[in-house]
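In this text the structure is predicted, and so the values were computed from the model without any measurement.
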Amino acid sequence: MRLLTDKQHAYLISIAEGRTTNEIAKMINDKFSLVITSRQIRNYKKNHGLKSNISTTFKKGSIPANKGKKGLYNVGGNRTSFKPGQKARNYKPIGSERTDRDGYVLIKVQDDGPWHKRWRLKHTVVWEEVNGPVPNSHCLIFLDQDKQNISLDNLQLITRSQLARLNQNNLISDDPDITKTGIIMAEIYSKIGERKKSHEANYGSSDC
């Protein structure tokens, strides 16, 4: 489908000389009641070999529009520059939540510091408010595997060794009761493994 009719094309040619793409788009939209973007006009001009003959080269002796102004320059100068203490447009207050790419809910706990200090896993924050910090050798799992179900009843603290056994033996289920049973079995497997290693260390392998 053509972007412009023959009449609109002829009008573009008549106004293109010496005008920017934004100006051309506005004039065409105003005249023909269209909603064409400057990007569409830019591509249209390129495809039809049309030029506005505007020099964008900075001429020697010219004074830059942002001379003497600090910060990122915007039209209007320092009026829209970022000021010390001013919050960014995408600022999120403490307590805000978001979901990461793995499906975990994150909650903002502070404004200062690196990103991982400002945003923490919500289920960890909820659990630690009642039970204290999670030990380094432990982790939390969702008993029903639903990362959005953040309640103390659905969170279980286990060792990383238990987690490895759970994954190795497919003992985690979307049924909390089955997962709890799996944790008990994972602990039994771990004990068996420890005893086997201890036996082999003391008496050597029994293989002939």
Side-chain angles (χ1 to χ4, degrees), residues 22 35-40 42-43 66 69-198:
N22 288 337
V35 287
I36 296 175
T37 66
S38 58
R39 175 177 292 183
Q40 288 175 302
R42 185 181 298 110
N43 292 335
N66 62 339
K69 298 179 174 65
K70 298 181 180 180
L72 182 65
Y73 177 75
N74 291 310
V75 176
N78 279 349
R79 181 183 61 193
T80 55
S81 299
F82 188 80
K83 300 178 176 61
Q86 180 181 354
K87 291 182 172 61
R89 289 184 179 181
N90 61 346
Y91 170 78
K92 301 295 183 184
I94 294 174
S96 298
E97 297 180 8
R98 61 192 300 180
T99 302
D100 68 11
R101 66 182 64 184
D102 296 317
Y104 290 98
V105 177
L106 302 174
I107 185 170
K108 188 174 184 182
V109 295
Q110 62 186 52
D111 282 329
D112 302 322
W115 189 90
H116 70 278
K117 292 287 188 181
R118 289 180 280 126
W119 291 87
R120 297 190 62 205
L121 293 168
K122 183 179 179 180
H123 68 278
T124 301
V125 173
V126 169
W127 192 90
E128 288 184 342
E129 285 179 349
V130 176
N131 301 284
V134 174
N136 291 333
S137 59
H138 290 63
C139 60
L140 293 169
I141 66 169
F142 298 89
L143 293 174
D144 64 357
Q145 296 193 79
D146 183 358
K147 298 172 183 176
Q148 304 293 315
N149 183 8
I150 302 175
S151 65
L152 289 174
D153 291 340
N154 194 45
L155 299 175
Q156 178 72 47
L157 181 71
I158 62 174
T159 65
R160 298 193 179 277
S161 175
Q162 287 176 316
L163 178 61
R165 295 288 183 179
L166 285 169
N167 290 328
Q168 290 170 1
N169 297 278
N170 297 317
L171 297 175
I172 300 179
S173 169
D174 56 7
D175 185 322
D177 292 330
I178 294 177
T179 300
K180 289 178 182 178
T181 301
I183 294 172
I184 295 173
M185 294 177 64
E187 181 63 20
I188 294 173
Y189 289 149
S190 295
K191 293 296 183 182
I192 292 174
E194 291 173 3
R195 293 205 173 193
K196 183 176 180 180
K197 288 182 180 179
S198 176

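Here Glu194 pairs with Lys191 under the side-chain contact (heavy atoms from CB on, under 4.5 Å) rule; sequence neighbours left out. Partners of Arg39 according to the side-chain contact (heavy atoms from CB on, under 4.5 Å) rule, which considers only residues two or more places apart in sequence or in another chain, are Thr37, Arg42, Asn43. By the ring pair (Phe, Tyr, Trp, His ring centres under 6.0 Å) test, Phe142 is found to be paired with His123, residues two or more places apart in sequence or in another chain being considered. Qualifying side-chain hydrogen bond (donor to acceptor under 3.5 Å, both in side chains) partners for Ser38, counting only residues two or more places apart in sequence or in other chains: Asn22. A search for side-chain contact (heavy atoms from CB on, under 4.5 Å) contacts involving Glu129 returns Val125, not counting sequence neighbours.
For residues 153-175, the set of pairs meeting the ring-ring contact (aromatic ring centres under 6.0 Å, His included) definition, not counting sequence neighbours, is empty. Within the structure, the side chain to side chain donor-acceptor pair (under 3.5 Å) test picks out the following pairs touching residues 98-121 (sequence neighbours left out): Tyr91-Asp111, Lys108-Asp111, Arg120-Glu128. Residue pairs meeting the side chain to side chain donor-acceptor pair (under 3.5 Å) criterion with at least one member in residues 165-189, sequence neighbours excluded, are Gln162-Glu187. Counting only residues at least two apart or in different chains, salt bridge (charged side-chain N to carboxylate O under 4.0 Å, His left out) contacts with residues 142-163 are absent.
Across every non-hydrogen atom of Leu163 and Cys139, the tightest pair is CD2-SG, 3.7 Å. In this structure, Ala186 and Leu171 approach most closely via the heavy-atom pair N-CD1, 4.1 Å.
For the atom pair CD1 (Ile183) and CD1 (Ile178), the distance works out to 12.5 Å, reported to the nearest 0.5 Å. Here the OG-NE2 distance, from Ser161 to His138, works out to 10.0 Å after rounding to the nearest 0.5 Å. To the nearest 0.5 angstrom, Arg195 atom CZ is 13.0 Å from Ser190 atom OG. Distance CG/Leu143 to CD1/Ile141: 5.5 Å, rounded to 0.5 Å. To the nearest 0.5 Å, the span separating OG on Ser96 from CD1 on Ile107 amounts to 8.5 Å. Note that CG of Asn154 and CG of Leu140 are 11.0 Å apart. Values are rounded to the nearest 0.5 Å.
Residues Leu152 and Val130 are in side-chain contact: their nearest non-hydrogen atoms beyond the backbone lie under 4.5 Å apart. Ile158 is listed as a side-chain neighbour of Leu166, based on a closest heavy-atom distance under 4.5 Å.
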